[in-house]
Amino acid sequence: MSLVKMIDLPKLGDSRGQLVVLEENKEVPFNIKRVYYMYGAQSDIARGFHAHKELDQVAVCVAGKCKILLDDGINKDIVLLTDPARGVSISSMIWHEMHDFSENCVLLVLASDLYDEADYIRNYDEFLREINS
Ligand code: TYD
């Protein structure tokens with residue numbers, strides 16, 4: 001079973017260039033309460049390495065590229081994000097890691113809730129225990 005749920009985003013481009021829209025409860029399957037983005041990452045330094053208990057997210061590489069590893073405790077999938085008009089869903093209780101950032105990568109993330117450190121599981125063994133409990 002693939003963990004990869006890609007989301008095709010509407011491209012409203014014309015001769016002036018592309019315009020991509022993300023709206024809550026449409027392309028993004030939840031109320032968007034927070035938006036954050038990463039840039040200036042180094043290709044040899046990975047990020048993430050956590051799961052969220054409740055939070056759902058959608059990630060879009062709006063510039064450059066990076067890889068996202070998704071892991072539900074049984075299956076692992078790696079998705080290469082290269083297209084500013086394709087997002088990937090990162091649901092709650094999915095361990096995720098971001099790898100191989102290109103120099104120009106800007107990774108935009110839409111989240112279903114405000115930042116809450118208590119929602120993070122940052123230890124992989126604890127993640128497996130939660131999954132199996
Ligand atoms: P973290 O989620 O650990 O980054 P990553 O998973 O990409 O490696 O966040 C890095 C730091 O930023 C951490 O101290 C928490 C803080 N942070 C916020 O304060 N608000 C936020 O919305 C996010 C995503 C992180």
Side-chain angles (χ1 to χ4, degrees):
M1 186 196 77
S2 173
L3 301 176
V4 180
K5 280 182 241 150
M6 299 305 295
I7 298 174
D8 284 315
L9 304 169
K11 274 205 274 193
L12 309 175
D14 57 27
S15 57
R16 298 169 297 171
Q18 294 298 350
L19 189 156
V20 176
V21 184
L22 299 95
E23 289 184 295
E24 62 182 1
N25 299 313
K26 290 188 181 170
E27 297 80 19
V28 177
F30 47 74
N31 294 327
I32 300 167
K33 289 191 73 172
R34 178 165 51 112
V35 176
Y36 62 93
Y37 50 92
M38 284 159 247
Y39 66 98
Q42 291 169 46
S43 60
D44 56 344
I45 299 181
R47 303 196 59 139
F49 296 90
H50 61 252
H52 288 282
K53 294 174 191 168
E54 304 283 348
L55 191 75
D56 291 322
Q57 303 188 96
V58 170
V60 187
C61 215
V62 295
K65 55 188 176 180
C66 70
K67 286 182 190 151
I68 302 194
L69 176 144
L70 303 168
D71 176 351
D72 67 358
I74 300 167
N75 304 293
K76 287 184 175 58
D77 280 305
I78 294 174
V79 56
L80 175 64
L81 292 182
T82 59
D83 184 347
R86 279 200 108 194
V88 64
S89 165
I90 305 174
S91 302
S92 58
M93 293 311 287
I94 295 288
W95 184 266
H96 52 283
E97 302 171 9
M98 286 81 97
H99 294 268
D100 299 340
F101 289 93
S102 65
E103 206 176 292
N104 58 340
C105 179
V106 181
L107 183 63
L108 177 76
V109 184
L110 310 163
S112 64
D113 212 342
L114 304 180
Y115 171 73
D116 177 9
E117 185 60 36
D119 187 62
Y120 280 72
I121 303 172
R122 292 190 182 272
N123 178 287
Y124 190 72
D125 290 336
E126 187 190 334
F127 167 69
L128 291 180
R129 277 197 299 275
E130 286 276 340
I131 287 286
N132 293 314
S133 68

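Each ligand, and each atom within it, is numbered from 1 in the order the structure gives. All residue numbers in this chain count up from 1 along the given sequence.
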List in chain and number order the residues that pass side chain to side chain donor-acceptor pair (under 3.5 Å) with [X], two or more places apart in sequence or in another chain; answer none if no residue qualifies.
X	value
Asp116	none
Glu27	none
Glu117	Tyr115, Arg122

Student check: side-chain heavy atoms of Asp71 and Glu97 closer than 4.5 Å: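 A side-chain contact under 4.5 Å is absent here.
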Which of these passes ring pair (Phe, Tyr, Trp, His ring centres under 6.0 Å) with His52: Trp95, Phe127, Tyr120? Tyr120
For ligand 1, which of its N or O atoms have a protein N or O partner closer than 3.5 Å, and how long is each gap?
unit_1   : atom_1 : unit_2 : atom_2 : d
ligand 1 : 2 (O)  : Tyr120 : OH     : 2.7
ligand 1 : 3 (O)  : Arg122 : NH1    : 2.9
ligand 1 : 3 (O)  : Arg122 : NH2    : 3.0
ligand 1 : 4 (O)  : Arg47  : NH2    : 3.3
ligand 1 : 6 (O)  : Gly48  : N      : 3.3
ligand 1 : 6 (O)  : His50  : ND1    : 3.3
ligand 1 : 7 (O)  : Arg47  : NE     : 2.9
ligand 1 : 7 (O)  : Arg47  : NH2    : 3.3
ligand 1 : 8 (O)  : Arg47  : NE     : 3.3
ligand 1 : 8 (O)  : Gly48  : N      : 3.1
ligand 1 : 22 (O) : Arg34  : NH1    : 2.4

Please report the closest heavy-atom contact between Tyr37 and Leu108, naming both atoms and the distance.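 What the structure gives for the nearest pair is CB-CA, 4.0 Å.
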